[in-house]
Visitor: 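To start, I am sharing the structure in question, which I have written as structure tokens.
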Amino acid sequence: MIRKELCKILSQKEIAANIYELRVKATLVDDIRAPGQFVHVRVTNGIDPLLRRPISISAYNQQTEQMTLIYRKEGRGTSLMVQLEPGMELDILGPLGNGFPIEEVSVGETALLVGGGIGVPPLYELSKQLVAKGVNVIHILGFQTKSAVFYEKEFSKNGLTFITTADGTYGRKGFVTDVIKEVSFDCLYTCGPTPMLRAIEQGFPDKRVFLSLEERMACGVGACFACVCQSGDAADTSYKKVCSDGPVFRAGEVVL
Amino acid sequence: MIRKELCKILSQKEIAANIYELRVKATLVDDIRAPGQFVHVRVTNGIDPLLRRPISISAYNQQTEQMTLIYRKEGRGTSLMVQLEPGMELDILGPLGNGFPIEEVSVGETALLVGGGIGVPPLYELSKQLVAKGVNVIHILGFQTKSAVFYEKEFSKNGLTFITTADGTYGRKGFVTDVIKEVSFDCLYTCGPTPMLRAIEQGFPDKRVFLSLEERMACGVGACFACVCQSGDAADTSYKKVCSDGPVFRAGEVVL
Amino acid sequence: MNRLNVELPGLRLKNPIMPASGCFGFGREFSQFYDLSKLGAIMIKATTLEPRFGNPTPRVAETAAGMLNAIGLQNPGLEKVIAEELPWLSQFDVPIIANVAGSVEEDYVAVARKISQAANVKALELNISCPNVKTGGIAFGTIPEVAKQLTRKVKEVSAVPVYVKLSPNVSNIVEMAQAVEAGGADGITMINTLVGMRLDIKTGKPILANLTGGLSGPAIKPIAIRMIYEVSQAVSLPIIGMGGVQSAEDVIEFLYAGASAVAVGTANLVDPLVCPAIIDDLPDVLERLGYEHIKECIGRSWQRDGQFANHRA
Amino acid sequence: MNRLNVELPGLRLKNPIMPASGCFGFGREFSQFYDLSKLGAIMIKATTLEPRFGNPTPRVAETAAGMLNAIGLQNPGLEKVIAEELPWLSQFDVPIIANVAGSVEEDYVAVARKISQAANVKALELNISCPNVKTGGIAFGTIPEVAKQLTRKVKEVSAVPVYVKLSPNVSNIVEMAQAVEAGGADGITMINTLVGMRLDIKTGKPILANLTGGLSGPAIKPIAIRMIYEVSQAVSLPIIGMGGVQSAEDVIEFLYAGASAVAVGTANLVDPLVCPAIIDDLPDVLERLGYEHIKECIGRSWQRDGQFANHRA
Ligand SMILES: Cc1cc2nc3c(=O)[nH]c(=O)nc-3n(C[C@H](O)[C@H](O)[C@H](O)COP(=O)(O)OP(=O)(O)OC[C@H]3O[C@@H](n4cnc5c(N)ncnc54)[C@H](O)[C@@H]3O)c2cc1C
Ligand SMILES: Cc1cc2nc3c(=O)[nH]c(=O)nc-3n(C[C@H](O)[C@H](O)[C@H](O)COP(=O)(O)OP(=O)(O)OC[C@H]3O[C@@H](n4cnc5c(N)ncnc54)[C@H](O)[C@@H]3O)c2cc1C
Ligand SMILES: Cc1cc2nc3c(=O)[nH]c(=O)nc-3n(C[C@H](O)[C@H](O)[C@H](O)COP(=O)(O)O)c2cc1C
Ligand SMILES: Cc1cc2nc3c(=O)[nH]c(=O)nc-3n(C[C@H](O)[C@H](O)[C@H](O)COP(=O)(O)O)c2cc1C
Ligand code: FES
Ligand code: FES
């Protein structure tokens, strides 16, 4: 079930340049079904800004009813989120969409998790759940520059972790796609900018690949048709909604 | 000089039902010239609400560069002001307009100060300055109901103070105009709702009477012509601006 | 006592609140949040003869106190709406207002004839004002003679009353309203969105793939109020008002202006529970303002005082 | 290097920023806050032949991200503006754009002839679009043929270039722009305010004494951008854009849309220092976006990529 809930802020901290980790307590955590689902955040009761902001759930714990959101300070909405302090309340709608299918990879197989920038957060919970299941996990995380890198330690606990930076100030210089070629895997999960997703999709036509997409949204629940993408099957003139059919799709399922 | 200044909040408290007393530190206090001037407050950096809110200066101290604003929680703007806490900053434009002329009353004379509801605050500094000058001061303060009464003690220190409430729950039942008839005075200063001002103006055509007006404002500095009123001299087709020519006018100077 | 019920051509409304077309899909998503029978009515997404994919993305952009959309009438097409969406909606005790769109007159007529026969469709809303479709749409909505003609054609075939949805992108909204009245419309819904645009500060290019989009939300409310104020005095048709409604107070303001019922659009996208919240708030707001029944608010802005003797305020 | 200078008919602007007419009076109040020579130009309050008292109060009402005004062209009249206001303004090194208004054609012509001869008046802004005056005003702004005729008459007598200020309250803004171009206009300023209304929740009556007022502020920005985008591609006249500008980024968005300079209206009423703040911010914003000179931004939204070879982004 999707709930609209006033959630209590537990903590907030800046974990890299302009990257914030926000922990909240919320009963809607009970209804999260898979890593990669997201929530839709109303950053103000007023009209400035008007629309909600979609943010991935980067970790959650159903025992404690807590979840973690990691976001980058971008424009007006996320700048207002930065001002949240412990004890305050935040209007959250969720959980939304369909997450990464962990049943697609079996015990003993290797999963490759590839994240670009602000696409990294949802992979963290995925990584934890895959490891708990007994899957080998390798991470390739791409960032713009050294100061933007976050969660290297956390991911490293779960498996081999490569970091790339576009400007070479940390880890390998270049893009995640440069590193992918060097590792072998059974199943690939990825989230990040569309050009990255497109390169990955084209690079591994024969593998099990799951992509998490971003699109500008209004309702977040499938009612307004703002966030559609075309079906990958050319004969099928229907559409998929990123918010309710996605944000995670199997490679080829939709046109990137 | 008028300044636009980010002023530090010193304290805020609710002094009657929905009536708040806000103390701020501001160098613009140096430029206040008379009681009855006002400031124009921007309650948010954003666009909701867009316009500033005019609030009278109810007390000020040029030694300490502090001033006090007393306001009623009405709509969106004043509701946001209620959230201000010590240490926060508030964008204030001021001091604005022309205040009450204390030079119009001489030592030993009696001044009657008549305030209605949210017209009471600017009279407080006026009362203090008149007493300091050696003028006898009598106050008649009208409120809706008992819970809305504020500053009775403060005014009483300066002189005889009558309280009226419209519903009779405190002080005399009725309106300030019922009490005025019973006192004698040399000069009258008043601030409050227009019907009250009109009654007072008509009641004492032969006395020195000064009225502080309210009008919807935009700029607050005299540029936009939002807040005009007609000159009391019928032959004069010009206009007066409440924000820069007022808010205090001599009775008869403008059409109420 | 029900203080909220309103009767309009074809529509017995429990209350004057309904989601606006395009902001509620066909109701399925919102049925997760509350019982749709609570609503006065539902205006479903625009239906065209054939399925439409709509415009490329991005389709939405935010603006100050508003948003732009260029969905482009995406919908599954008449057949599927009749076979799947309307029967699904019939489980709820709520009248449906079917939003009818097309590129040419024949499309409108074909959709209107068929959809007006569905059991739960109690009225049509003729969408002659969608700014996001290239052919037809906009011209129907800005030329009085064309709007009148289309209204007449649709009236001829419709089994239920026809409301015409007016575009605010005109020099003279009264003229448009009078034209559709002359064409036989049973009511008017207004306003649709204003045509707007946003540019990306980095690239300099339009944010919306469609370049322009329709502006909705609180930003347009003063324009909607003004137009309803003008139109309600110039025609004798009832008006369903919309444009930036977010609260019960906003609803009252639309009724004062001259609307008989009110649709909520963009606000559903921000708060999926906004319609039931408004419905729950209305009785208290009426009480506070001193009205026995919501009908007393209708047209108050231009009625002479005393017209409603039983107003207590 | 000056990265901000722009040349327009009659106007050598140090920078493309100027206060919009009616939001700056005749500059006196703002001169308390900063040196007016800093501005690109000043658009002074509308001047009419005779003094005007304007509308009764309340004259302003707030709306979501905007405001309504119904000042009604209050001004001291041509004679006083020429005898007192313009000479006072001549102490500043800044071109003045005189906003000319009237009820009938003869008024416009009389004001234009006289005021265009003042030494510091470098251009006229023909206000054919003020929504708050009963006679004349609005009709001039919505009927292309009338606008063209008026433009021609004023051009005949004006000693300086004539810019015509367009109303957004029309079905077809391009048609209006083309009409004034055909009438001989040297430039266009746009947009004026949209007609709106607010009702008092307690009384049900309009808040403004004038009933309706002109909507300005951030709420209308997407409409202004769209209209400038359309008009700048359809005429060959330069455009001074306005409508909701609050920041240097907003200025860039207007230039992208096709404006050559930008006026700031309502924002002056909220922050009297907004114009100098924007002027100070612009070089940094240009630097960040990779432009050598502000002119490179003009019309970028519709120009083909690569048209400006020296853009670094
Ligand atoms: C399913 C999904 C999951 C996401 N998860 C995360 C996350 O975990 N962490 C994170 O930092 N960001 C995430 N994003 C991106 C995030 O939604 C945007 O960064 C955010 O909306 C920007 O808001 P703003 O007000 O700061 O920026 P502004 O640029 O001021 O926003 C203006 C408008 O554009 C929309 N917008 C801007 N950028 C994006 C974008 N990339 N995707 C969708 N809409 C956008 C905003 O929602 C808003 O409506 C996610 C996006 C989607 C669709
Ligand atoms: C010179 C002057 C001095 C004032 N001094 C005080 C004071 O000391 N204490 C106090 O509580 N109030 C004072 N007021 C009234 C105060 O400005 C309004 O109560 C306040 O603006 C309401 O804002 P809001 O957002 O809460 O209400 P809303 O009703 O949401 O405001 C909507 C709009 O209407 C305007 N408005 C609403 N009421 C008034 C009003 N009475 N006068 C002028 N504009 C109004 C607002 O400024 C705003 O633009 C003064 C007004 C003026 C003109
Ligand atoms: C995302 C979106 C989609 C819309 N689709 C339609 C539509 O299909 N048919 C229609 O007549 N109006 C459509 N509209 C317009 C609304 O029904 C309504 O007239 C307008 O948005 C103003 O109301 P609001 O400000 O409450 O949103 C749409 C509006 C939005 C925001
Ligand atoms: C209080 C006020 C008074 C105005 N007076 C005039 C005027 O006299 N002449 C005119 O052409 N435009 C007038 N305008 C319109 C502005 O010049 C401008 O076109 C409009 O407000 C849009 O810009 P903005 O959103 O930046 O305010 C006025 C606007 C406001 C808010
Ligand atoms: S955001 Fe509304 S359908 Fe996806
Ligand atoms: S508020 Fe602008 S002139 Fe007084």
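Chain naming here is simple, since letters A, B, ... match the order of the sequence lines and numbering starts at 1 in each.
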Visitor: Looking only at heavy atoms, which two atoms of A:F225 and C:I71 are closest? And how far apart?
Guide: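 Answer, listing the atom of A:F225 first, then C:I71: O-CD1, 3.6 Å.
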Visitor: Quick one: what part of C:A65 sits under 4.5 Å from any heavy atom of chain A, side chain, backbone, both or neither?
Guide: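 For C:A65, heavy atoms of backbone and side chain both lie under 4.5 Å from chain A.
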Visitor: Is it the case that more than 12 heavy atoms not belonging to A:Q144 sit under 6.0 Å from its CD atom?
Guide: no
Visitor: Pick whichever of C:R59, C:Q246, C:K45 has the most heavy-atom pairs under 4.5 Å with chain A.
Guide: C:R59
Visitor: About how many Å separate CZ of C:F30 and CD1 of A:I2, when rounded to the nearest 0.5 Å?
Guide: 10.0 Å
Visitor: Which atoms of C:T266 come close to chain A, meaning under 4.5 Å heavy atom to heavy atom: side chain ones, backbone ones, both, or neither?
Guide: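 Side chain only.
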Visitor: Is the closest side-chain heavy-atom distance between C:P272 and A:L93 below 4.5 Å?
Guide: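 SC-SC contact between C:P272 and A:L93 confirmed.
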Visitor: A quick test of your reading: do over 12 heavy atoms of other residues, nucleotides or ligands sit less than 6.0 Å from CD of C:Q91?
Guide: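 Counting other residues, nucleotides and ligands, CD of C:Q91 exceeds 12 neighbours.
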Visitor: Give a yes or no on whether A:Y170 atom OH has more than 12 heavy-atom contacts from other residues, nucleotides or ligands under 6.0 Å away.
Guide: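 Count not over threshold, so no.
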Visitor: Can you name the closest pair of heavy atoms from A:L51 and C:V270 and give their distance?
Guide: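 Closest approach of A:L51 to C:V270: CD2-CG2, 4.2 Å.
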Visitor: State, to 0.1 Å, how close A:R216 and C:V60 come at their nearest heavy-atom pair, and which atoms those are.
Guide: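 Taking A:R216 first and C:V60 second, the nearest heavy atoms are CD-O, 3.5 Å.
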Visitor: Closest heavy-atom contact between C:E29 and A:G222?
Guide: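 Residues C:E29 and A:G222, closest heavy atoms: OE2-O, 3.1 Å.
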Visitor: Please determine whether the number of non-hydrogen atoms from other residues, nucleotides or ligands lying under 6.0 Å from atom CZ of A:F175 exceeds 12.
Guide: no
Visitor: Would the number of heavy atoms belonging to other residues, nucleotides or ligands and lying under 6.0 Å from NZ of C:K80 be above 12?
Guide: no
Visitor: First locate atom OG of A:S244, then atom CZ of C:R28, and finally report the distance between them rounded to the nearest 0.5 Å.
Guide: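 One finds 12.0 Å between OG of A:S244 and CZ of C:R28.
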Visitor: Give the C-alpha distance, both sets of side-chain angles, the deciding distance and a yes or no for side chain to side chain contact (heavy atoms under 4.5 Å, CB included) between A:M217 and C:L269.
Guide: CA-CA 9 Å; A:M217 294 183 176; C:L269 312 178; over 6 Å; no
Visitor: Count the heavy-atom pairs under 4.5 Å between each of A:V221, A:D91, A:V228 and chain C, then report the option with the highest count.
Guide: A:V228
Visitor: Is there a salt bridge (charged side-chain N to carboxylate O under 4.0 Å, His left out) between A:R52 and C:E62 once you walk through the steps?
Guide: CA-CA 10 Å; A:R52 289 176 183 267; C:E62 206 177 31; over 6 Å; no
Visitor: Any chance you could measure C:F53, atom CZ, to A:Q230, atom CD, to the nearest 0.5 Å?
Guide: 4.0 Å
Visitor: Using modelled atom types only, decide if a donor and an acceptor are shared between the side chain of A:R42 and the backbone of C:D271 within a distance under 3.5 Å.
Guide: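 No, the answer is negative, given that no donor and acceptor are paired below the 3.5 Å cut-off.
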Visitor: Sort out for me which of A:A223, A:G220, A:P49, A:G46 touches chain C most, counting heavy-atom pairs under 4.5 Å.
Guide: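 Greatest number of close heavy-atom pairs with chain C: A:A223.
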Visitor: With a 4.5 angstrom heavy-atom cut-off, which part of C:P58 approaches chain A: side chain, backbone, both or neither?
Guide: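 For C:P58, backbone and side chain are both near chain A.
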